[in-house]
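Report on the structure given below.
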Amino acid sequence: MFRLLPTYKGRHLPKSLPSFRTRLELYSITATCAQLSCNGIENENKEIDFEILFNSCTKTQQAKNLHALLIVAGKAHSIFIATRLVNLYAHLGDVSLSRQTFSQIREKDAYTWNSMLSAYVRNGHFHESVKFLDEMLSTSEVRPDFYTFPPVLKACGNVIDGRRIHCWISKLGFEWDVFVAASLVHMYCRFGSFAVAHKIFTDMPFRDMGCWNAVISGFCQHGNAVEALSVLDEMRLEGVKMDSVTVSTILPICAQMDDMLRGMLIHLYAIKHGLEFDVFVSNALINMYAKFGNLGHAQVVFDHMVLRDLVSWNSIISAYEQNGDPITAFQFFGRMQLNGVQPDLLTLVSLASSVGQTGDFHNSRSVHGFVLRKCWIMEDVVIGNAVVDMYSKLGIIDSACNVFEDLQFKDVISWNTMVTGYAQNGLASEAIEVYCMMQKCKDIIPNQGTWVSILPAYAHVGAVQQGMKTHGRVFKVGLHLDVFVGTCLVDLYGKCGRLNDAMSLFYEVPRTSSVPWNAIISCHGIHGHGETSLQLFRYMLDEGVEPDHVTFVSLLSACSHSGLVDQGWWCFHVMQEECGIKPSLKHYGCMVDLLGRAGNLEIAYNFIRSMPLKPDASVWGALLGACRIHGNAELGKLASERLFEVDSENVGYYVLLSNIYANVGKWEGVNEVRSFARGRGLKKTPGWSSIELNNRIEVFYTGNQSHPQHEAIYMELEILTAKIKSLGYIPDYSFVLQDVEEDEKEHILTSHSERLAIAYGIISTPPKSPIRIFKNLRVCGDCHNATKLISKITDREIIVRDSNRFHHFKDGICSCGDYW
DNA sequence: ATAGGGTTAG
């Protein structure tokens with residue numbers, strides 16, 4: 001029967017020689033055909049059973065081969081066979097082949113048209129399906145029947161199309177078919193036309209489970225959970241029992257409404273009524289328990305499943321990924337592959353997110369490569385966004401940016417992800433730039449996520465004016481009272497030195513979660529108002545808000561900025577004994593900072609040695625910083641040795657150590673550290689300060705003379721220096737870290753970036769108006785002293801935020817009381 | 001050979 005092959009030609013034959021694999025498949029189908037044909041084609045009286053061939057096709061190529069075979073066998077023109085082919089291609093996901101086959105059929109009946117219609121719907125080509133229905137209605141070839149309408153009702157994307165189709169249904173008299181009516185009800189509910197839906201529903205002469213479910217799921221898809229539940233109650237009052245469809249519709253609602261009890265009761269119901277082993281029900285249960293953070297229950301449901309499909313595997317993988325256990329998520333992915341289940345787009349979304357959490361560089365490339373090979377990045381934004389997010393979480397911001405730029409279609413979330421990516425990698429100005437580009441896209445409407453990504457970027461560079469403009473926009477849409485947006489605003493005002501504004505906003509946002517509390521506690525902390533932070537913490541406890549690990553980081557660093565050693569110990573104790581939170585490295589770092597800054601260097605060192613965790617760079621770095629403040633070169637050397645064992649790449653620490661040596665005049669030590677750092681290819685982070693004027697951020701680098709007004713700035717600085725000298729200012733050369741002559745030292749001090757920014761502020765703003773400065777590094781002690789006096793002679797408030805905290809200078813004193 | 005209502009997402 002392989003005689004069939006030479007005649008296997010025509011437009012369906014592939015142009016090039018089929019691959020070995022394809023040929024194998026071709027032969028196997030041909031062989032089956034041959035077997036059948038022995039008593040089939042040769043014996044004209046018997047029909048070949050093509051059923052088995054249709055059922056054996058699992059890939060488009062196989063279907064094409066079968067199609068070719070059918071042409072050769074002269075069967076393809078049978079309307080029956082041709083319609084089956086339309087369906088086969090549709091099931092395999094290739095609508096264009098369905099359509100091609102459809103067009104080649106000369107005389108089509110309602111079956112054929114209906115099949116093509118559902119081919120579109122099944123593959124998500126909703127717009128085409130509605131157009132196709134119009135085509136069908138305007139042809140005289142066939143008349144639609146009640147199989148025609150349900151799929152297209154499911155497809156229509158707006159209520160206008162829905163109404164149009166409803167008219168046709170009424171005209172043709174199919175309105176009271178149960179399936180058609182259920183589809184109508186569902187469609188109207190989806191678009192929120194509950195009155196119409198309800199009318200059809202109550203007028204129905206006969207209602208089956210499908211109708212009830214159509215109403216309930218219609219409400220759910222419209223986001224109306226409360227209505228959905230009330231229909232459910234109504235249904236139960238009428239004595240109708242929930243089936244597996246009802247249960248799997250309602251379980252996600254329980255998760256959405258955070259109603260664990262109801263969810264568990266429905267789980268019990270499912271067990272009692274034997275719905276437990278329905279794949280949809282089990283999958284919905286896994287997802288629900290995952291959303292409640294109850295991985296144990298999710299796991300039990302998964303383990304008890306007899307049959308698992310792709311969604312089951314995706315659900316358990318995402319359950320672990322979303323609950324912070326990416327390692328287990330990956331293990332399940334491995335098991336899934338061992339079970340021969342092929343991953344889909346959603347699997348890869350979870351994997352990308354898992355990689356983002358583990359920081360696994362190697363797997364990030366695998367995930368990206370896999371997605372590229374499958375061409376999924378072109379098909380769906382979601383996976384593209386997930387990859388962008390993955391790269392930015394790994395800090396590979398260039399790759400993130402490349403993927404982002406290559407996205408064919410970008411939605412709000414793509415933009416938000418990119419803005420957040422830059423912001424969280426410390427690249428606030430790039431984040432702002434991307435946000436500006438986004439605003440130029442007319443079809444992108446910012447949402448809550450947009451504000452949550454851009455506001456921290458503004459806070460980071462101190463762009464309070466732009467931040468306030470955003471506040472206005474947020475206010476217009478009522479999102480300023482959203483916990484997350486509200487907290488970002490609190491943080492913005494706090495970090496931009498407007499504590500009063502931060503406080504009044506704080507009182508407006510809902511305060512039942514720890515999120516806004518953490519922000520306001522931290523804001524008072526960096527302003528040196530440690531006592532206020534502690535007071536807020538007490539209020540928080542009084543209001544019954546449960547503190548989390550972030551709360552204690554904010555509190556401990558607040559204590560540290562204000563030198564509240566005893567209170568810090570108290571917090572450290574409360575955290576463990578009363579809140580049951582195990583201290584993390586961050587908490588230990590804060591404690592070392594607190595003790596060290598207060599001058600208890602020995603205690604800090606012993607504290608580190610008694611830690612149950614292996615100290616990381618931030619812990620040793622805190623000790624090193626304390627040694628710099630208190631001029632302890634000996635312990636500093638020890639701390640730096642431990643420090644470079646765990647992190648030898650951070651320039652900041654080399655600078656600190658060399659500063660310690662410079663401070664005590666050990667210039668050979670300075671040179672040693674510098675050449676060591678240079679040998680590792682590390683360059684000192686240049687210091688800069690910025691000031692926001694007229695919605696623009698101006699940046700000054702230390703010693704920079706390229707500013708258009710630099711002459712005026714230096715002249716102003718000379719005048720200021722002369723004035724403050726008359727008030728008793730003596731330059732403190734211990735902050736000059738170069739081994740140079742005295743007059744050179746004075747020049748170095750006066751051209752520190754913060755002084756340039758302050759002088760610029762003084763000559764560019766009206767007298768007595770406050771000046772707000774940002775500095776990327778810590779303010780040096782000499783500048784601190786000088787700024788105090790400048791605030792006095794110019795009668796201005798000068799607010800300087802450095803990498804560590806706020807300094808509020810007024811009338812010759814600083815809010816930090818020289819403790820910084 | 002065709003039909004309604006169901007589970008996973010950045």
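Just so it is clear: chains get the letters A, B, ... in the order the sequence lines come, proteins before strands, and each one is counted from 1.
- Look at A/Arg207 and A/Glu234 and you find no salt bridge, because none of the NZ, NE, NH1 or NH2 atoms lies under 4.0 Å from a carboxylate O.
- Ring centers of A/Phe194 and A/Phe219: under 6.0 Å apart, within the cut-off.
- Put simply, CD1 on A/Ile105 is 14 Å from P on B/dT2, counting in whole angstrom units.
- A/Asp109 meets the salt bridge (Lys or Arg N to Asp or Glu O under 4.0 Å) test with no other residue; sequence neighbours excluded.
- Counting any heavy atom pair closer than 4.0 Å across all strands shown, A/Val381 reaches a base atom.
- As rounded to whole Å, 13 Å separates atom P of B/dT2 from atom CG of A/Asp145.
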Protein-to-nucleotide contact annotation, 5' to 3' order, nucleotides 3-8 of chain B [B base; S sugar-phosphate only; - none; under 4.0 Å, heavy atom]: BBBBBB
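- Remark: A/Phe146 CZ is loosely packed, at most 12 non-hydrogen atoms of other residues, nucleotides or ligands lying under 6.0 Å away.
- When the shell of 6.0 Å around CD of A/Gln424 is examined, it contains 12 or fewer heavy atoms from other residues, nucleotides or ligands.
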